Amino acid sequence: MSDAVTPFQAPIGTHDVLAPRSAEWEGVVATFAQFAYRYDFELVITPMFEDVGVFNRGIGEESDVAKKEMYVFADRGERVYALRPEGTAPVVRAFIQHNPTTPWKAWYVTPAFRYERPQAGRYRQHHQLGVEVLGTDDPAVDVEVIALAERFYRALGLTRFRLLINSMGHDICRAAYVELLRAHLEKNAERLCDEHRTTWSVNPLRVLDCKDPACVAVTAEGPMLIDHLCDDCRDHFERVVKGLSSIDIESQLDPRLVRGFDYYTRTTFEFVADALGGAQNAIGGGGRYDKLAEQLGGKPTSGIGFGSGIERLLLTREAEGVEPRNLVERSLEVFVIDTTTHDVATVLVDELRAAGIATARAYDNRSMKSQMKVADKSGARLALLVGPQEFAAGEVTIRDLRSDDFEQTQRRVARGDVAFAVAELLTKS
RNA sequence: GUGGGCGUAGCUCAGUUGGUUAGAGCGCCAGGUUGUGGUCCUGGAGGUCGCGGGUUCGAUCCCCGUCGCUCACCCCA
């Protein structure tokens, strides 16, 4: 580090994830991948940035996310792109572009970027796990997507969370409802909160989401979308709720649940963690978006999906006091100590690793004592020692790091028998 | 975007009512004789006290600005 340069830091609202935290991440992602495959989803990887229109038309230009939270930039060719603020729109764009056979069931893990002021559970770069199903509006799929989320959370050890559910209706019945709501808001505009008193007409549904007591009071007297669904939408919703309860997943109707993206139709849901005290208590959410494909220029195609924030899941697990689980095993088996200057460690390590044995070694030609200390801290079960004596004899000393008297358990084997002897020692518990 | 709290070694934190070489624990490194870890002992490295400016004879400690962290509002994962 030169004294002239002040060290760089990770950008605001972003974080480096190092061990042991990264091991928890790995476990969460691996668990989700396992669930995704169990539910017959395939992995899809889409670009981190898209034409800004994918998001503007997808999540709605009037949404907060599109309006003031996107990272928008022009590249050197003056194309205007946005860093993905969410996972669904890009997947639908990819669906339209490649036209895979339906139903198309895809899962993803991706960073998401939103320009917000960071706080507990909220970052400028966070990471989402999610799934999308394109090409069917069967309520059984809604149930399956929600079930995947629910079972996944349980597999992570979470227990204190609730499923909130609502229906946004489809375009026709929602439009009719919005007019009812609009009329009600117009009549009571004076009583709304400061912000919505003037902005309610832009997107009346957003007022339902407002937590200000003033707005809550007004909307409580007004019409609720759930009571104004058309027959088809009502039936669809009922079948989703029934399907969920048939597999013992309790859902809680929340008529105010209007999620932040404009593309939702019919089923919308959110999992909230009770252990997370703050406002950022949603660990996952999603819903149906039967018009999104069209809005992005594709054929009319139904879709549904959900996304879950890895950071929030980890926070929730911590808040619930659940021990990190689903950790990917990382136990080092062998540590090679070499005090010669003949690259013995280099060869041994290569040989053992080729045999599938997790092996580490010391560097920098340190003393035997020093290398032993490193071996001890590494957590390896066995140490292989090669000093001048072993080197001259063409042998290697094998030492069990879990036993306290090395004179009893330490033994020497011929250089050529090392891999076999190590494998044997490792298999007997 | 608005507002509150905070910013001292890798980590967790003391500390100076402004005054000579800023401390602890953990971690790290090296020793404790002749090639062997975990305990113990000894020693050591490591800090422009976030950065810049101001007040002052003198600031890590006061003031201002700035950057960053954190929490809340908003919105969401």
Side-chain angles (χ1 to χ4, degrees), chain A residues 1 3-15 18 59 63-69 84-88 109-130 149 193-196 199 206 209-212 215 257-261 270-273 276-286 306-316 335 337-340 362 364 366-392 397-407 409-410:
Chain A
M1 222 185 295
D3 19 301
V5 182
T6 46
F8 292 106
Q9 297 184 336
I12 302 175
T14 69
H15 295 276
L18 281 65
I59 63 187
S63 68
D64 279 10
V65 169
K67 210 160 51 179
K68 49 189 192 194
E69 294 177 2
R84 62 188 329 173
E86 59 100 40
T88 298
V109 50
T110 179
F113 307 87
R114 294 182 200 166
Y115 190 86
E116 308 178 89
R117 286 284 293 270
Q119 69 186 77
R122 201 181 71 182
Y123 314 103
R124 287 191 175 176
Q125 177 178 340
H126 75 278
H127 300 261
Q128 288 195 20
L129 299 162
C193 75
D194 292 345
E195 186 196 339
H196 288 122
T199 62
R206 292 248 59 86
D209 207 22
C210 183
K211 287 169 203 102
D212 191 298
C215 284
L257 181 64
V258 177
R259 297 176 47 74
F261 305 139
E270 199 167 286
F271 285 92
V272 297
L276 292 183
Q280 281 72 240
N281 63 352
I283 52 175
F306 87 90
S308 217
I310 296 178
E311 290 85 352
R312 294 241 178 122
L313 291 174
L314 259 23
L315 279 174
T316 307
F335 195 95
I337 290 167
D338 178 4
T339 59
T340 75
D364 302 325
R366 300 213 265 169
S367 71
M368 176 142 299
K369 173 174 180 166
S370 158
Q371 291 192 47
M372 273 303 290
K373 286 188 175 182
V374 178
D376 181 58
K377 272 170 222 141
S378 78
R381 277 192 52 193
L382 301 176
L384 301 190
L385 291 80
V386 183
Q389 288 174 29
E390 286 87 349
F391 183 70
T397 294
I398 303 181
R399 173 130 156 63
D400 184 346
L401 289 171
R402 294 177 315 183
S403 73
D404 27 359
D405 62 322
F406 67 87
E407 285 168 355
T409 55
Q410 190 164 286

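Chain letters run A, B, ... following the sequence lines, proteins first, then strands; residues in each count from 1. Because only heavy atoms are used, hydrogens play no part in the values below, and waters and symmetry mates are left out as well, while side chains stay in. The shown structure was predicted, so the numbers you read here are calculated from the model rather than taken from an experiment.
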When the C1' atoms of B:G7 and B:G47 are compared, how many Å lie between them, rounded to an integer?
14 Å
Ranking B:G37, B:A77, B:C74 by distance to the side chain of A:L401, first place goes to B:G37
Same-atom distance (P) from B:U48 to B:C11, integer angstrom
13 Å
Quick one: label A:Q280 by what it contacts on the DNA or RNA (base, sugar-phosphate, nothing), any heavy atom closer than 4.0 Å.
base
Mark yes or no for a side-chain to base donor-acceptor pair under 3.5 Å between A:Q125 and B:A77, with no hydrogen or angle criteria applied.
no
Side-chain N or O of A:R366 versus OP1/OP2 of B:A30: is the shortest distance under 4.0 Å?
yes
Interatomic distance at P, B:C69 relative to B:C62, whole Å
23 Å
Listed by chain and number, what are the side chain to side chain contact (heavy atoms under 4.5 Å, CB included) partners of A:L315, not counting sequence neighbours?
A:Y123, A:L276
Taking the six-membered ring of A:Y115, is the NZ or CZ of A:R124 close enough (under 6.0 Å from the centre) and on axis enough (within 45°)?
yes
Within this structure, what is the CZ-CD1 distance for the pair A:R366 and A:I337, rounded to the nearest 0.5 Å?
11.0 Å
A:K373 side chain: which of B:U36, B:G1, B:G38 is closest?
B:G38
Has A:R399 got a side-chain atom pairing as donor or acceptor with A:L385's backbone, closer than 3.5 angstrom?
no
Which is true for A:Q128 with a 4.0 Å heavy-atom rule: it touches a base, it touches only sugar-phosphate, or it touches nothing?
sugar-phosphate
Euclidean distance, atom CG of residue A:D400 to atom P of B:U36 [Å, nearest integer]
19 Å
For B:A77 and B:G54, measure between their C1' atoms and round to the nearest Å.
44 Å
Okay, side chain of A:Q280, backbone of A:R122: is any donor-acceptor separation there less than 3.5 Å?
no
Check whether any side-chain nitrogen or oxygen of A:Q389 sits under 4.0 Å from OP1 or OP2 of B:G35, and answer yes or no.
no
Counting any heavy atom closer than 4.0 Å, what does A:T110 reach on the DNA or RNA strands: base, sugar-phosphate only, or nothing?
nothing
Answer yes or no: side-chain N or O of A:R117 and base N or O of B:C75 forming a donor-acceptor pair under 3.5 Å.
no
Pairwise P distance, B:G18 and B:U12 [rounded to whole Å]:
28 Å
Closest nucleotide of RNA chain B for A:I12 versus for A:S370: which of these residues is on the 5' side?
A:S370
Out of B:G37, B:C74, B:U2, which nucleotide sits closest to the side chain of A:M372?
B:G37
Separation of A:L276 atom CG from B:A77 atom C1', in whole Å?
11 Å
Separation of B:U70 atom P from A:L315 atom CG, nearest Å, is 11 Å
Using a heavy-atom cut-off of 4.0 Å across all strands, would you classify A:G13 as base, sugar-phosphate, or nothing?
sugar-phosphate
Looking for any heavy atom pair under 4.0 Å, which part of the strands does A:E86 touch: base, sugar-phosphate only, or nothing?
nothing
Could you check whether A:G121 gets within reach of a base, just the sugar-phosphate, or nothing at all, counting any heavy atom under 4.0 Å?
base
Any base atoms under 4.0 Å from A:I283, or only sugar-phosphate, or nothing? Heavy atoms, all strands.
sugar-phosphate
Under 3.5 Å, is there a donor on one side chain and an acceptor on the other for A:E390 and A:T397?
yes
Distance, rounded to the nearest Å, where A:Y115 contributes OH and B:U2 contributes C1':
14 Å
Within the pair A:Q410 and B:U36, is there a side-chain N or O less than 4.0 Å away from OP1 or OP2?
no
Looking only at atom P, what distance separates B:C26 and B:G53, rounded to whole Å?
38 Å
Any side-chain heavy-atom pair of A:Q371 and A:T339 under 4.5 Å:
yes
Mind calculating the distance between CD1 (A:I337) and C1' (B:G38) to the nearest angstrom?
13 Å
Do A:Q128 and A:I310 make a side-chain contact, defined as non-hydrogen atoms from C-beta onward lying under 4.5 Å apart?
no
Looking for any heavy atom pair under 4.0 Å, which part of the strands does A:D338 touch: base, sugar-phosphate only, or nothing?
nothing
P spacing across the pair B:C28 / B:G1, given as an integer number of angstrom:
42 Å
From C-beta outward on A:A120, which listed nucleotide comes closest to its side chain: B:A77, B:U36, B:C71?
B:C71
Expressed in whole Å, how much space separates the C1' atoms belonging to B:C51 and B:G4?
22 Å
Rounded off to whole Å, could you give me the CG-to-C1' distance for the A:L257 and B:A77 pair?
14 Å
Starting at CZ of A:R124 and ending at P of B:C75, how long is that distance when rounded to a whole Å?
18 Å
If I take atom CD in residue A:E390 and atom P in nucleotide B:G35, what distance separates them, rounded to the nearest angstrom?
12 Å
Any N or O donor-acceptor pair under 3.5 Å from the base of B:C74 to the side chain of A:Q119?
yes
Return yes if some donor-acceptor pair links the side-chain N/O of A:E116 with the main-chain N/O of A:P118 below 3.5 Å, else return no.
no
Assuming nearest nucleotide by heavy-atom distance, tell me which of A:R312 and A:T397 is located more 5' along RNA chain B.
A:T397
Applying the Watson-Crick and G-U criteria (both distances under 3.5 angstrom) with [ ] for crossing and | for other-strand pairs, one obtains for RNA chain B (((((((..((((.....[...)))).(((((.......))))).....(((((..]....))))))))))))....
Under 4.0 Å between any heavy atoms, over every strand shown, what does A:E270 touch: base, sugar-phosphate, or nothing? Just pick one.
nothing
Please work out if A:K377 contacts a base, only the sugar-phosphate, or nothing of the nucleic acid, heavy-atom cut-off 4.0 Å.
sugar-phosphate
Any salt bridge between A:D209 and A:R206, counting N to O under 4.0 Å?
yes
So does A:H127 get a backbone contact from the side chain of A:E311, meaning a donor-acceptor N/O pair under 3.5 Å?
yes
Regarding the side chain of A:R206, the nearest nucleotide among B:A77, B:G35, B:C75 is B:C75
A:H15 side-chain proximity, nearest of B:U36, B:G37, B:U70:
B:U70
